[in-house]
Structure formats: structure tokens, C-alpha cells
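Order of the sequence lines fixes the chain letters, A, B, ..., with proteins taken first and strands second; residue numbering starts at 1 for each chain.
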Amino acid sequence: MLTNTYIHIPNIGTTTERRIWDCGIKCWEDYVENHNMIKLPRTKKRLLLSGVEESIEQLSSGNHKYFARRLPMNMQWRAYRHFKEKTAYVDIETTGLSCQNDRITMIGIYNGNETKTFVRGIDLDKAPAELGKYKQIITFNGARFDLPFIEYEFPGTFDQIHIDLMYPLKKIGYSGGLKKIESMLGLRRSDETAGITGLDAVRLWKRYERGNSEALETLIKYNTEDVVNLEKIIRITHPWMIERELKVSKKS
DNA sequence: TATTGTACGTAGCAGATTTC
DNA sequence: GAAATCTGCTACGTACAATA
């Protein structure tokens, strides 16, 4: 989908992008070959062609920052497949909802193979370095919750593509919290964590602070299932997101 | 419960091109 | 050359909904 995206090019909006799609152009290389098919003002044509050539170059050199900066927030999901191998699925637990008054208790990071959990009082300060290894971050409601918390505690952590799954999922008909969407997609939790909510996560942390190490284990398991399920969710729904985007184009 | 980023719709403006 | 048209951008205000 990224290689058939044009709205990251300055002065190109959704109207022009849809006109390109409607001509049957499937990717940037296709556009470079057939750009004369598209009837556009000369200046815009020049801009578009050089923007497409630059995009091809930037993608082949793996420059995620180029796309992170230029893609609108609600379109970053289009980059998913191209940076899939360098993706961190991220979820945090905190003591409450306010990033000014509450604290992060743990940060879970899953890379598609293994999960690392960084815990306050043990190794939480190592989380930013781990996050820095990735080109793409995937969260649920992270734009309003996880990233502001992390940025508040560790300023300058993020320069990656950020896919906040909440918005594209909503567009394809999956609204509600993460647990609800997991259940809609048939994803199951383990017996130990089934039914645990965010509020319970706060309680588990307090029990751990009072000396209950089992509570920490449960909290880590809960957080791990969150990040692992993020990967499952995008793997299932990403094709639907693409399908919906192209369908909207055909309708208009 | 506090918080707040995002989507969405609308309006107005600017720039480029097309048409007459 | 002037007017019309098209398109993108920006700035609002409002509503929503999810997080622990």
C-alpha cells in the first residue's frame, strides 16, 4: 500500500491520489512508466514525478524517518508491510491515567519473535534504547496514552513510524477497547489473565510493591499478551484496511 | 475517573491552470 | 488578461472514545 501512496508528497492530496489509482496504476514504478496517462497541471506533474522517484529511493534505502515525517498520522498504517521486520509492538502499564501525575510501571515490547518487559525499579530506563532499535511502532490508542507517557518520562524516544491501530480498526468496523476487539477477532487470553482490566493492572502493581512477586508475574503475562495480540490483530486486519481504502476510492 | 489526540465537517484562502 | 475552476492547505469547533 505504501508503494501506491502519494499523499506524502507536498501539494498532493487525496483527490490526486485517487485519480492515479483510478487510472489503474498499481505502484510507484508503474507511475514512473505511465505518468503521462494522468492529466495534471505541468507543475504538479513535475512535483509528483520527483516525489515518486524520491520515495522509491528512500524506501529502497530503508529510511523510515522520511515516511514517518511525511505520512499523515491516520495513514501511517500503509507503511506496515515494508517495515514489518523492524517493528515493535508496544504496550505500557501505569499507576493511572495522567502522564503528569502517574508513573509508568512497565513497558512491554514484542518484535514478532520475542517479548521484552522493562519494569520500574529493575530496568525501565533500558526501554528507550530497545525502542530505538525499531523503525516502526505499533500500539493501541498509543497516540493518546502510551507514547505521551513514554515521551514524558523519556523525552526524544520516538522518531519511528507510529501505527495507532485504534483508528484504522475503527474505519473497518472494529471499535471498542483492545480486549473487545480481540474477542471480536476470536483471539483468546490465557486463563491467568482472562478478565484482567487496566484497573486490575494498577492493583497488581500495588500488590507487587507490597512484596507479592506473583502479582508482578501476572502483570508481565498480561502485558505480554497485550503486545503479542497487537501483532496478531494487524496481521489479520491489514488486508482489510487496504481493501477498504481502495473501495472508498472506487466509490468516490 | 482525568485526560486529550484524532476524525470529521466546514469555510476560507492561495496558487496554478484552463477557458474564453 | 480576466474569470472560472480545481485542488490542497490550514484553521476552526465539535464529538468521540479509549487508556490504567
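A:D91 comes within 4.0 angstrom of the backbone, heavy atoms only, and of no base. Heavy atoms of A:T16 sit under 4.0 angstrom from primed sugar atoms or phosphate atoms, though from no base atom.
Ring orientation note: the planes of A:Y174 and A:W240 are close to parallel, at an angle under 30° on the 30°/60° scale. Using a 30° and 60° split on the angle between ring planes, A:W28 and A:F67 fall in the parallel class, below 30°.
At the phosphate of C:dA20, neither OP1 nor OP2 sits under 4.0 Å from any side-chain N or O atom of A:S98. Checking the phosphate oxygens (OP1, OP2) of B:dT6, no side-chain nitrogen or oxygen of A:N74 falls inside 4.0 Å.
Taking atom NZ of A:K171 as the reference point, atom P of B:dT6 lies 13 Å away to the nearest angstrom. Nucleotide C:dA17 holds its C1' atom 6 Å from the NZ atom of A:K170, rounded to whole Å. As a whole-Å value, the separation of A:H162 NE2 from B:dT6 C1' is 12 Å. One atom, OH of A:Y167, and another, C1' of B:dT6, lie 4 Å apart when rounded to the nearest Å. When rounded to the nearest whole Å, the span between CG of A:D102 and P of B:dT1 equals 16 Å. For the pair A:I196 CD1 and C:dT19 C1', the interatomic distance rounds to 16 Å; values are reported in whole Å. A:E209 has its CD atom 14 Å from the C1' atom of C:dA20, to the nearest Å. Rounded to whole angstrom, the span from the CG atom of A:D164 across to the C1' atom of B:dT6 amounts to 9 Å.
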Pairwise N/O distances under 3.5 Å, protein to nucleotides 10-17 of chain B:
unit_1	atom_1	unit_2	atom_2	d
B:dA16	O3'	A:T43	OG1	3.0
B:dT17	OP1	A:T43	N	3.0
B:dT17	OP1	A:T43	OG1	2.1

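Residues A:R103 and A:T95 bring no donor and acceptor atom of their side chains to less than 3.5 Å of each other. A donor atom on one side chain and an acceptor atom on the other are not found under 3.5 Å apart for A:E151 and A:T157. Remark: the A:E93 side chain and the A:T105 side chain contain no N/O donor-acceptor pair separated by less than 3.5 Å.
In this structure, A:S55 OG and A:I9 CD1 are separated by 4.5 Å, a value rounded to the nearest 0.5 Å.
In this structure the side chain of A:Y80 never reaches within 4.5 angstrom of the side chain of A:L2, judged on heavy atoms. No side-chain heavy atom of A:D91 sits under 4.5 Å from any side-chain heavy atom of A:T224. Put simply, the side chain of A:N229 reaches to within 4.5 Å of the side chain of A:K232, judged on heavy atoms.
A heavy-atom distance below 4.0 Å to DNA chain C is reached by these residues of residues 134-152 of chain A, ordered by number: A:F140, A:N141, A:R144, A:F145. Contacts between residues 174-195 of chain A and DNA chain C, defined by a heavy-atom separation under 4.0 Å, are made by A:S175, A:G176, A:G177, A:L178.
Where A:L97 and A:M75 each meet DNA chain B at their nearest nucleotide, the meeting point lying more 5' is that of A:L97.
Under a 3.5 Å cut-off, the side chain of A:D30 and the backbone N or O of A:I25 do not form any donor-acceptor pair. Proximity of a side-chain donor or acceptor of A:K26 to a complementary backbone N or O of A:T3 within less than 3.5 Å is not detected.
Note on A:E153 versus A:R120: salt bridge recorded, some NZ/NE/NH1/NH2 to OD/OE distance being below 4.0 Å.
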